[in-house]
Protein chains: 2
Amino acid sequence: MNIGAASRQSGLPSKTIRYYEEIGLLTADRALNGYRDYSTEDVHRLRFLQRARGLGFSVEECRELLSLYSDRERASSDVKAIAKEKLAEIDRKIEELTGLRLMLGHLVDNCHGDARPDCPIIDGLSGRLEH
Amino acid sequence: MNIGAASRQSGLPSKTIRYYEEIGLLTADRALNGYRDYSTEDVHRLRFLQRARGLGFSVEECRELLSLYSDRERASSDVKAIAKEKLAEIDRKIEELTGLRLMLGHLVDNCHGDARPDCPIIDGLSGRLEH
DNA sequence: CTTGAGCTTCCATCTGCTGGAAGGACTATC
DNA sequence: GATAGTCCTTCCAGCAGATGGAAGCTCAAG
(Lines give C-alpha, C1' and ligand atoms only; values in the text may rest on other atoms or scores of the structure.)
Protein backbone atom coordinates (compact mmCIF):
# COMPACT_ATOMS: atom_id res chain seq x y z
CA MET A 1 0.00 0.00 0.00
CA ASN A 2 1.33 3.44 -1.00
CA ILE A 3 1.72 6.30 1.44
CA GLY A 4 -1.45 8.01 0.22
CA ALA A 5 -3.62 5.01 1.11
CA ALA A 6 -1.83 4.63 4.45
CA SER A 7 -2.50 8.30 5.06
CA ARG A 8 -6.22 7.96 4.33
CA GLN A 9 -6.53 4.85 6.49
CA SER A 10 -4.57 6.23 9.45
CA GLY A 11 -5.76 9.82 9.40
CA LEU A 12 -2.17 11.10 9.35
CA PRO A 13 -0.90 13.39 6.55
CA SER A 14 1.72 11.81 4.28
CA LYS A 15 4.17 14.48 5.43
CA THR A 16 3.73 13.39 9.01
CA ILE A 17 4.15 9.72 8.13
CA ARG A 18 7.47 10.50 6.41
CA TYR A 19 8.50 12.56 9.40
CA TYR A 20 7.70 9.70 11.77
CA GLU A 21 9.87 7.46 9.63
CA GLU A 22 12.66 10.04 9.70
CA ILE A 23 12.68 10.13 13.50
CA GLY A 24 12.54 6.35 13.70
CA LEU A 25 9.00 5.73 14.94
CA LEU A 26 8.53 3.17 12.17
CA THR A 27 10.30 1.77 9.15
CA ALA A 28 8.65 1.35 5.77
CA ASP A 29 9.40 -1.22 3.09
CA ARG A 30 10.13 0.09 -0.37
CA ALA A 31 8.56 -1.09 -3.60
CA LEU A 32 10.74 -1.59 -6.69
CA ASN A 33 9.85 1.90 -7.92
CA GLY A 34 11.16 3.45 -4.70
CA TYR A 35 7.71 4.11 -3.25
CA ARG A 36 7.12 3.39 0.43
CA ASP A 37 5.05 0.25 0.94
CA TYR A 38 2.85 -0.14 4.01
CA SER A 39 1.30 -3.27 5.50
CA THR A 40 -1.96 -3.27 7.46
CA GLU A 41 0.14 -3.68 10.58
CA ASP A 42 1.99 -0.48 9.66
CA VAL A 43 -1.38 1.23 9.32
CA HIS A 44 -2.31 0.01 12.80
CA ARG A 45 0.82 1.67 14.16
CA LEU A 46 0.04 4.87 12.28
CA ARG A 47 -3.53 4.92 13.53
CA PHE A 48 -2.22 4.41 17.02
CA LEU A 49 0.22 7.29 16.63
CA GLN A 50 -2.56 9.49 15.30
CA ARG A 51 -4.71 8.78 18.33
CA ALA A 52 -2.01 8.94 20.99
CA ARG A 53 -0.50 12.20 19.69
CA GLY A 54 -3.94 13.78 19.58
CA LEU A 55 -4.42 12.82 23.20
CA GLY A 56 -1.35 14.68 24.38
CA PHE A 57 1.23 11.88 24.48
CA SER A 58 4.65 13.12 23.37
CA VAL A 59 6.51 11.45 20.52
CA GLU A 60 8.85 9.84 23.06
CA GLU A 61 5.90 8.47 25.03
CA CYS A 62 4.45 7.11 21.79
CA ARG A 63 7.79 5.47 21.05
CA GLU A 64 7.60 3.81 24.45
CA LEU A 65 3.99 2.72 23.95
CA LEU A 66 4.83 1.32 20.51
CA SER A 67 7.71 -0.60 22.00
CA LEU A 68 5.17 -2.49 24.09
CA TYR A 69 3.77 -3.67 20.80
CA SER A 70 6.98 -4.42 18.91
CA ASP A 71 8.95 -5.90 21.77
CA ARG A 72 6.35 -8.13 23.27
CA GLU A 73 8.99 -10.78 23.72
CA ARG A 74 10.60 -8.61 26.36
CA ALA A 75 10.44 -9.71 29.95
CA SER A 76 6.87 -9.45 31.13
CA SER A 77 7.98 -7.48 34.14
CA ASP A 78 9.48 -4.75 31.94
CA VAL A 79 6.45 -4.52 29.74
CA LYS A 80 4.08 -4.53 32.66
CA ALA A 81 5.98 -1.81 34.47
CA ILE A 82 5.83 0.53 31.50
CA ALA A 83 2.25 -0.40 30.72
CA LYS A 84 1.13 0.23 34.29
CA GLU A 85 2.85 3.59 34.32
CA LYS A 86 1.08 4.54 31.08
CA LEU A 87 -2.21 3.19 32.44
CA ALA A 88 -1.97 5.59 35.36
CA GLU A 89 -1.21 8.42 32.95
CA ILE A 90 -4.20 7.53 30.80
CA ASP A 91 -6.45 7.34 33.85
CA ARG A 92 -5.29 10.79 34.89
CA LYS A 93 -6.04 12.15 31.43
CA ILE A 94 -9.50 10.55 31.47
CA GLU A 95 -10.16 12.14 34.85
CA GLU A 96 -9.07 15.52 33.58
CA LEU A 97 -11.21 15.23 30.48
CA THR A 98 -14.14 14.20 32.63
CA GLY A 99 -13.55 17.33 34.71
CA LEU A 100 -13.51 19.47 31.58
CA ARG A 101 -16.64 17.75 30.36
CA LEU A 102 -18.44 18.45 33.60
CA MET A 103 -17.41 22.08 33.42
CA LEU A 104 -18.65 22.51 29.87
CA GLY A 105 -21.81 20.56 30.61
CA HIS A 106 -22.56 22.91 33.47
CA LEU A 107 -21.97 25.83 31.15
CA VAL A 108 -24.39 24.51 28.57
CA ASP A 109 -27.01 23.64 31.16
CA ASN A 110 -26.77 26.47 33.63
CA CYS A 111 -25.21 29.58 32.12
CA HIS A 112 -27.52 31.92 30.30
CA GLY A 113 -25.12 34.71 29.51
CA ASP A 114 -26.34 36.89 32.33
CA ALA A 115 -23.01 37.11 34.16
CA ARG A 116 -24.41 35.65 37.35
CA PRO A 117 -21.67 35.43 39.95
CA ASP A 118 -22.29 31.72 40.51
CA CYS A 119 -21.50 30.63 36.95
CA PRO A 120 -20.34 27.04 37.42
CA ILE A 121 -17.67 27.39 34.77
CA ILE A 122 -15.49 29.20 37.29
CA ASP A 123 -15.27 26.08 39.43
CA GLY A 124 -14.73 23.93 36.37
CA LEU A 125 -11.89 26.04 35.07
CA SER A 126 -10.05 25.91 38.35
CA GLY A 127 -10.18 22.12 38.30
CA ARG A 128 -12.02 21.96 41.61
CA LEU A 129 -14.80 19.85 40.15
CA GLU A 130 -12.38 17.00 39.66
CA HIS A 131 -11.71 16.51 43.32
CA MET B 1 1.18 36.70 43.71
CA ASN B 2 4.51 36.47 41.83
CA ILE B 3 5.06 34.29 38.80
CA GLY B 4 6.87 31.63 40.82
CA ALA B 5 3.88 31.05 43.09
CA ALA B 6 1.53 31.08 40.11
CA SER B 7 3.80 28.52 38.46
CA ARG B 8 3.72 26.24 41.49
CA GLN B 9 -0.06 26.52 41.84
CA SER B 10 -0.82 26.00 38.15
CA GLY B 11 1.78 23.40 37.30
CA LEU B 12 3.05 25.51 34.39
CA PRO B 13 6.73 26.60 34.17
CA SER B 14 7.29 30.35 34.54
CA LYS B 15 8.71 30.39 31.04
CA THR B 16 5.47 29.00 29.66
CA ILE B 17 3.37 31.49 31.62
CA ARG B 18 5.36 34.38 30.13
CA TYR B 19 4.99 32.81 26.71
CA TYR B 20 1.21 32.54 27.12
CA GLU B 21 1.14 36.21 28.04
CA GLU B 22 3.23 37.04 24.98
CA ILE B 23 0.78 35.31 22.64
CA GLY B 24 -2.17 36.93 24.39
CA LEU B 25 -3.76 34.02 26.23
CA LEU B 26 -3.83 36.11 29.40
CA THR B 27 -2.73 39.49 30.68
CA ALA B 28 -0.92 39.96 33.97
CA ASP B 29 -1.00 42.97 36.25
CA ARG B 30 2.34 44.45 37.22
CA ALA B 31 3.47 45.30 40.73
CA LEU B 32 5.34 48.56 41.39
CA ASN B 33 8.67 46.76 41.08
CA GLY B 34 7.79 45.53 37.58
CA TYR B 35 7.06 41.96 38.68
CA ARG B 36 4.00 40.22 37.21
CA ASP B 37 1.17 39.97 39.72
CA TYR B 38 -1.33 37.10 39.48
CA SER B 39 -4.78 36.79 41.07
CA THR B 40 -6.33 33.47 42.05
CA GLU B 41 -8.54 33.82 38.99
CA ASP B 42 -5.41 34.09 36.85
CA VAL B 43 -4.18 30.90 38.47
CA HIS B 44 -7.46 29.20 37.56
CA ARG B 45 -6.89 30.16 33.94
CA LEU B 46 -3.33 28.88 34.08
CA ARG B 47 -4.39 25.61 35.66
CA PHE B 48 -7.00 25.28 32.96
CA LEU B 49 -4.40 25.91 30.25
CA GLN B 50 -2.09 23.36 31.83
CA ARG B 51 -4.80 20.71 31.74
CA ALA B 52 -6.25 21.49 28.34
CA ARG B 53 -2.86 21.67 26.58
CA GLY B 54 -1.83 18.37 28.16
CA LEU B 55 -5.00 16.83 26.75
CA GLY B 56 -4.18 17.75 23.18
CA PHE B 57 -6.18 20.94 22.75
CA SER B 58 -4.30 23.46 20.61
CA VAL B 59 -3.48 26.93 21.87
CA GLU B 60 -6.22 28.33 19.62
CA GLU B 61 -8.74 25.87 21.02
CA CYS B 62 -7.69 26.87 24.51
CA ARG B 63 -8.17 30.50 23.57
CA GLU B 64 -11.68 29.61 22.46
CA LEU B 65 -12.43 27.65 25.61
CA LEU B 66 -11.10 30.49 27.76
CA SER B 67 -13.36 32.91 25.91
CA LEU B 68 -16.33 30.91 27.20
CA TYR B 69 -15.12 31.87 30.62
CA SER B 70 -14.23 35.53 30.02
CA ASP B 71 -17.14 36.42 27.79
CA ARG B 72 -19.92 34.78 29.67
CA GLU B 73 -22.09 37.78 28.95
CA ARG B 74 -22.15 36.79 25.29
CA ALA B 75 -25.37 35.56 23.78
CA SER B 76 -26.19 32.17 25.22
CA SER B 77 -26.57 30.74 21.75
CA ASP B 78 -22.97 31.59 20.84
CA VAL B 79 -21.57 30.19 24.03
CA LYS B 80 -23.67 27.07 23.78
CA ALA B 81 -22.68 26.44 20.18
CA ILE B 82 -18.98 26.57 20.97
CA ALA B 83 -19.40 24.64 24.18
CA LYS B 84 -21.36 21.87 22.49
CA GLU B 85 -18.74 21.59 19.78
CA LYS B 86 -16.02 21.27 22.41
CA LEU B 87 -18.14 18.79 24.38
CA ALA B 88 -18.27 16.51 21.35
CA GLU B 89 -14.50 16.85 20.98
CA ILE B 90 -13.96 16.00 24.63
CA ASP B 91 -16.27 12.99 24.38
CA ARG B 92 -14.28 11.77 21.40
CA LYS B 93 -11.05 12.15 23.34
CA ILE B 94 -12.50 10.30 26.32
CA GLU B 95 -13.58 7.47 24.00
CA GLU B 96 -10.12 7.28 22.48
CA LEU B 97 -8.45 7.25 25.87
CA THR B 98 -10.84 4.55 27.01
CA GLY B 99 -9.83 2.55 23.95
CA LEU B 100 -6.14 3.01 24.78
CA ARG B 101 -6.84 2.05 28.37
CA LEU B 102 -8.57 -1.13 27.33
CA MET B 103 -5.67 -1.99 25.06
CA LEU B 104 -3.09 -1.49 27.77
CA GLY B 105 -5.24 -3.27 30.31
CA HIS B 106 -5.37 -6.30 28.01
CA LEU B 107 -1.61 -6.14 27.66
CA VAL B 108 -1.06 -6.09 31.39
CA ASP B 109 -3.58 -8.88 31.96
CA ASN B 110 -2.95 -11.18 29.05
CA CYS B 111 0.50 -10.74 27.56
CA HIS B 112 3.25 -12.71 29.17
CA GLY B 113 6.10 -11.84 26.86
CA ASP B 114 5.83 -15.10 24.98
CA ALA B 115 5.04 -13.57 21.59
CA ARG B 116 1.78 -15.43 21.25
CA PRO B 117 0.13 -14.55 17.96
CA ASP B 118 -3.13 -13.63 19.67
CA CYS B 119 -1.70 -10.82 21.77
CA PRO B 120 -4.68 -8.51 22.33
CA ILE B 121 -2.54 -5.41 22.01
CA ILE B 122 -2.65 -5.80 18.24
CA ASP B 123 -6.38 -5.19 18.20
CA GLY B 124 -6.00 -2.35 20.64
CA LEU B 125 -3.39 -0.59 18.58
CA SER B 126 -5.52 -0.67 15.48
CA GLY B 127 -8.31 1.07 17.32
CA ARG B 128 -10.77 -1.74 16.65
CA LEU B 129 -11.55 -2.08 20.35
CA GLU B 130 -13.19 1.33 20.34
CA HIS B 131 -15.94 0.34 17.97
C1' DC C 1 25.85 45.68 52.56
C1' DT C 2 26.61 41.31 50.73
C1' DT C 3 24.66 36.97 49.26
C1' DG C 4 21.25 34.29 47.02
C1' DA C 5 16.90 33.48 45.24
C1' DG C 6 13.54 35.33 42.23
C1' DC C 7 12.24 38.49 38.86
C1' DT C 8 12.96 41.05 34.22
C1' DT C 9 13.94 41.02 28.91
C1' DC C 10 16.05 39.23 24.90
C1' DC C 11 17.70 35.86 21.89
C1' DA C 12 18.87 31.11 20.61
C1' DT C 13 17.45 26.43 20.40
C1' DC C 14 14.40 22.40 20.31
C1' DT C 15 10.20 19.54 19.07
C1' DG C 16 6.81 18.35 15.98
C1' DC C 17 5.25 19.08 12.25
C1' DT C 18 3.85 21.61 7.52
C1' DG C 19 4.56 23.75 2.92
C1' DG C 20 6.76 24.23 -1.39
C1' DA C 21 10.05 23.34 -5.04
C1' DA C 22 12.09 20.15 -8.36
C1' DG C 23 11.85 15.98 -10.37
C1' DG C 24 10.73 10.84 -11.20
C1' DA C 25 6.75 7.27 -11.67
C1' DC C 26 2.07 5.64 -12.73
C1' DT C 27 -2.45 5.79 -15.18
C1' DA C 28 -5.48 7.19 -18.74
C1' DT C 29 -6.53 9.15 -22.93
C1' DC C 30 -5.46 10.68 -27.69
C1' DG D 1 4.22 6.70 -28.00
C1' DA D 2 3.34 11.51 -26.62
C1' DT D 3 0.61 14.18 -23.16
C1' DA D 4 -1.77 15.27 -18.92
C1' DG D 5 -2.75 14.59 -14.31
C1' DT D 6 -1.96 12.53 -10.06
C1' DC D 7 1.06 10.38 -6.85
C1' DC D 8 5.44 9.55 -5.30
C1' DT D 9 10.44 10.99 -4.10
C1' DT D 10 14.01 14.20 -1.54
C1' DC D 11 15.47 18.47 0.25
C1' DC D 12 15.09 22.65 2.49
C1' DA D 13 12.42 26.45 4.66
C1' DG D 14 9.20 27.99 8.03
C1' DC D 15 5.75 27.81 11.75
C1' DA D 16 3.84 26.46 16.50
C1' DG D 17 4.68 25.87 21.08
C1' DA D 18 7.56 26.02 24.11
C1' DT D 19 12.42 25.81 26.63
C1' DG D 20 17.20 27.28 27.98
C1' DG D 21 20.61 30.62 28.95
C1' DA D 22 22.73 35.18 29.50
C1' DA D 23 22.76 39.75 31.55
C1' DG D 24 20.91 42.53 34.75
C1' DC D 25 17.49 44.33 38.41
C1' DT D 26 14.90 43.38 43.06
C1' DC D 27 14.10 41.67 47.40
C1' DA D 28 14.54 39.37 51.95
C1' DA D 29 17.85 37.36 55.30
C1' DG D 30 21.90 37.58 57.89
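One can place OH of B/Y19 at 15 Å from C1' of D/dG20, the figure rounded to the nearest angstrom. The nearest whole Å value for the distance from the CZ atom in B/F57 to the P atom in D/dG17 is 14 Å. Distance CZ (B/R8) to C1' (C/dG6): 9 Å, rounded to an integer number of Å. Residue A/K15 contributes atom NZ, which lies 12 Å from atom P of D/dC8 at whole-angstrom precision. Atom P of nucleotide D/dA18 and atom CG of B/L26 are separated by 12 Å, given to the nearest angstrom. Atom CG in A/N2 sits about 10 Å away from atom P in C/dC26, given to the nearest Å. What separates CD of A/E22 from P of C/dG16 is a distance of 12 Å, to the nearest Å.
Within the 4.0 Å cut-off from OP1 or OP2 of C/dC26, at least one side-chain nitrogen or oxygen of A/N33 is found. Checking the phosphate oxygens (OP1, OP2) of D/dT10, a side-chain nitrogen or oxygen of A/R30 falls inside 4.0 Å. Taking 4.0 angstrom as the limit, A/R18 places none of its side-chain polar atoms (N or O) nearer than this to OP1 or OP2 of C/dT18. Between B/R36 and C/dT9, a side-chain N or O to OP1/OP2 separation shorter than 4.0 Å is present.
With C/dT8, D/dG17, C/dC17 as the candidates, the nucleotide lying closest to the side chain of B/V59 is D/dG17.
Counting distance only, with no hydrogens placed and no angle test, the side-chain atoms of A/Y35 and the base atoms of C/dG24 include a donor-acceptor pair under 3.5 Å.
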